[in-house]
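Contents: one structure, followed by commentary.
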Number of protein chains: 2
Amino acid sequence: MATKETKQRGRPRSFDRETALEQAVRSFWEQGYEATSISDLTRAMGISAPSLYAAFGDKRALFDEVVAEYGRLYGGFISRAVAEEPTARRGVERALREAAAEYTAPGRPRGCLVISAALNISPASAEVAASLREMRRSNLREIASAVRADVAAGELPADTDADALADYVGAVIQGISQQARDGAERTALEAVVELAMRAWPEAAAESRSAAGARPAP
Amino acid sequence: MATKETKQRGRPRSFDRETALEQAVRSFWEQGYEATSISDLTRAMGISAPSLYAAFGDKRALFDEVVAEYGRLYGGFISRAVAEEPTARRGVERALREAAAEYTAPGRPRGCLVISAALNISPASAEVAASLREMRRSNLREIASAVRADVAAGELPADTDADALADYVGAVIQGISQQARDGAERTALEAVVELAMRAWPEAAAESRSAAGARPAP
DNA sequence: GTTTTTCTGTAGCGAGCGATACACAAATCG
DNA sequence: CGATTTGTGTATCGCTCGCTACAGAAAAAC
């Protein structure tokens, strides 16, 4: 699907589409959707406005591609951590630690694009905000699902409120992203993660034997 | 200072300045600094642009007044909670519970203006963002100070990292504000607060006798 | 070669932005 | 009363926004 089918017919594109997209990612990541103008984008991408519109459609379509690219390159670590670790606790702890690292990684914009790019949007761009919000909700559902699986496995107390726990994790992640944007250092955010994980419920003592085995959600 | 000195000389203002300011607070609270246009403001305040500029200066000066008014009417509860409660733990718990209530109060914009009004700002308005950031930092300093006082009083373990604990509380508050803006209900945020407080360090068992007495910072 | 297709650069569209010039209205002061 | 001071309404200003018309450039197809 992504490979060129045959030789293209007309004048070839004079810039690398992937490289330009990567610069668009950085621009939107730094300033958010509305605060990033077409002029900002053409400057960062090194192309003119008509080239941008020919290659990516309009600003909204470019942003959609940017979000997908961001997810592919930088944003998937939460889903990955929760899916790969054997317990919800370990998945969440890994996700939070990676968040502290990712959101302060040198040479990149701070924080999370999905969290911060569509804050304070004017009504005209409400759809963009709704789209990113749904992505965040999806992440929380994954976490809540992992928590429920741990409860079923006796890895967490039976009265654990999975949705509340997922909301809590989401609040901490959003807070970490925000503080990273405010200039917080990685070590400070790791200390926050350390504290945040102290709120994790303790497993009932007698049923910790089944650790590592988790039924599919 | 705020009272009229004598009878004013020229044509009197045809609108109530305080009421108009209150509408400006709502507009900036809902949409943030940059996403709120002068046109939005004049519509909400029920006055024309020249009247706005005559009464409040420019957009930036109006926003500064809005921030001050917001702090006076809605924003002081964190400082109040931390200052009035006898221990840092009780102060923070009260602050978080009040945040869950305030940020979802019916008939008001969701979340906290100081947290959300200057997110995703373009470089031209960087000063506005810096100003609100400094207010947030000031709140965290108050919390860290209360924590240090509790450590000195034996109310918290001697190895408690006051700055990290304050950063954690700040992250939770920002997360709660964000989720409130995303539509979370008060009860859901209260569950998040309940969980967040489980991370609070336990006092060393033998020195809890001095509860209620705290030396001034 | 000529034709066809596609991309690029210039230049500019209508709309909205923050902010204001200017004439008129409404009050106090003498 | 006239003079002075201050606020209001209309009608913009210069600027930037997202976006595009149009002509020319660069490739394949014939």
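All values reported here derive from a predicted model rather than from experimental measurement. In what follows, chains are A, B, ... by sequence order, proteins preceding strands, each numbered from 1.
For C/dT5, the base has no donor-acceptor partner in the side chain of A/R9 [N/O atoms by modelled type, under 3.5 angstrom].
C/dC7 atom C1' lies 14 Å from atom CZ of A/R17, rounded to whole Å. Note: CG (A/L62) to P (D/dC19) measures 10 Å, nearest angstrom. Rounded to a whole Å, the CZ atom of B/R13 is 15 Å from the P atom of C/dT28. Rounded to a whole Å, the CZ atom of A/F15 is 20 Å from the P atom of D/dA25. Atom pair B/K59:NZ and C/dT20:P shows a separation of 14 Å (rounding to whole Å applied).
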Donor-acceptor list for residues 62-69 of chain B side chains, cut-off 3.5 Å, not counting sequence neighbours:
| from | atom 1 | to | atom 2 | distance (Å) |
| --- | --- | --- | --- | --- |
| B/D64 | OD1 | B/R60 | NE | 3.4 |
| B/E65 | OE1 | B/R17 | NH1 | 3.0 |
| B/E65 | OE2 | B/R17 | NH2 | 2.7 |
| B/E69 | OE1 | B/R72 | NE | 3.4 |
| B/E69 | OE1 | B/R72 | NH2 | 3.3 |
| B/E69 | OE2 | B/R72 | NH2 | 3.2 |

Can you list, pair by pair, the side-chain donor-acceptor contacts under 3.5 Å of residues 93-101 of chain B, counting residues two or more places apart and other chains?
| from | atom 1 | to | atom 2 | distance (Å) |
| --- | --- | --- | --- | --- |
| B/E93 | OE2 | B/R97 | NH1 | 2.8 |
| B/R94 | NE | B/E98 | OE2 | 2.9 |
| B/R94 | NH1 | B/E84 | OE1 | 3.2 |
| B/R94 | NH1 | B/E85 | OE2 | 2.9 |
| B/R94 | NH2 | B/E84 | OE1 | 3.0 |
| B/R97 | NH2 | B/E194 | OE1 | 3.4 |

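The existence of a salt bridge linking B/D182 and A/R136 is confirmed by a sub-4.0 Å separation between a basic side-chain nitrogen and an acidic carboxylate oxygen.
Contacts between residues 30-52 of chain B and DNA chain C, counted as heavy-atom distances below 4.0 Å, involve B/T36, B/S37, B/I38, B/S39, B/A49, B/P50.
Within a 6.0 Å radius of CD in A/E134, other residues, nucleotides and ligands contribute more than 12 heavy atoms.
Over its full length, the helix from C/dG1-D/dC30 to C/dG30-D/dC1 turns its helical axis through 10°, comparing axes from the five pairs at each end and rounding to 10°.
Aromatic ring pairs are classed by plane angle as parallel below 30°, tilted from 30° to 60° and perpendicular above 60°; the pair A/Y70 and A/W29 is perpendicular.
The listed nucleotides are C/dT8, D/dT8, D/dC19; the one nearest the side chain of B/S14 is D/dT8. Across D/dT8, D/dA26, D/dT4, the shortest atom-to-atom separation from the side chain of B/R11 is found for D/dT8.
With sequence neighbours left out, B/R137 forms a salt bridge (charged side-chain N to carboxylate O under 4.0 Å, His left out) with no residue at all. Partners of A/A188 by side chain to side chain contact (heavy atoms under 4.5 Å, CB included), not counting sequence neighbours, listed by chain and number: B/D167.
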Next item on the list: Begin with the C-alpha distance, continue with both residues' side-chain angles, and end with the deciding distance and a verdict on side-chain hydrogen bond (donor to acceptor under 3.5 Å, both in side chains) for A/E142 and A/S79.
Entry: CA-CA 7 Å; A/E142 291 172 15; A/S79 295; 2.7 Å; yes

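Using a 4.0 Å cut-off, no side-chain N or O of A/Y53 falls inside it from OP1 or OP2 of D/dT20.
No donor-acceptor distance shorter than 3.5 angstrom exists from the side chain of B/S145 to the backbone of B/R141, with no hydrogens or angles considered.
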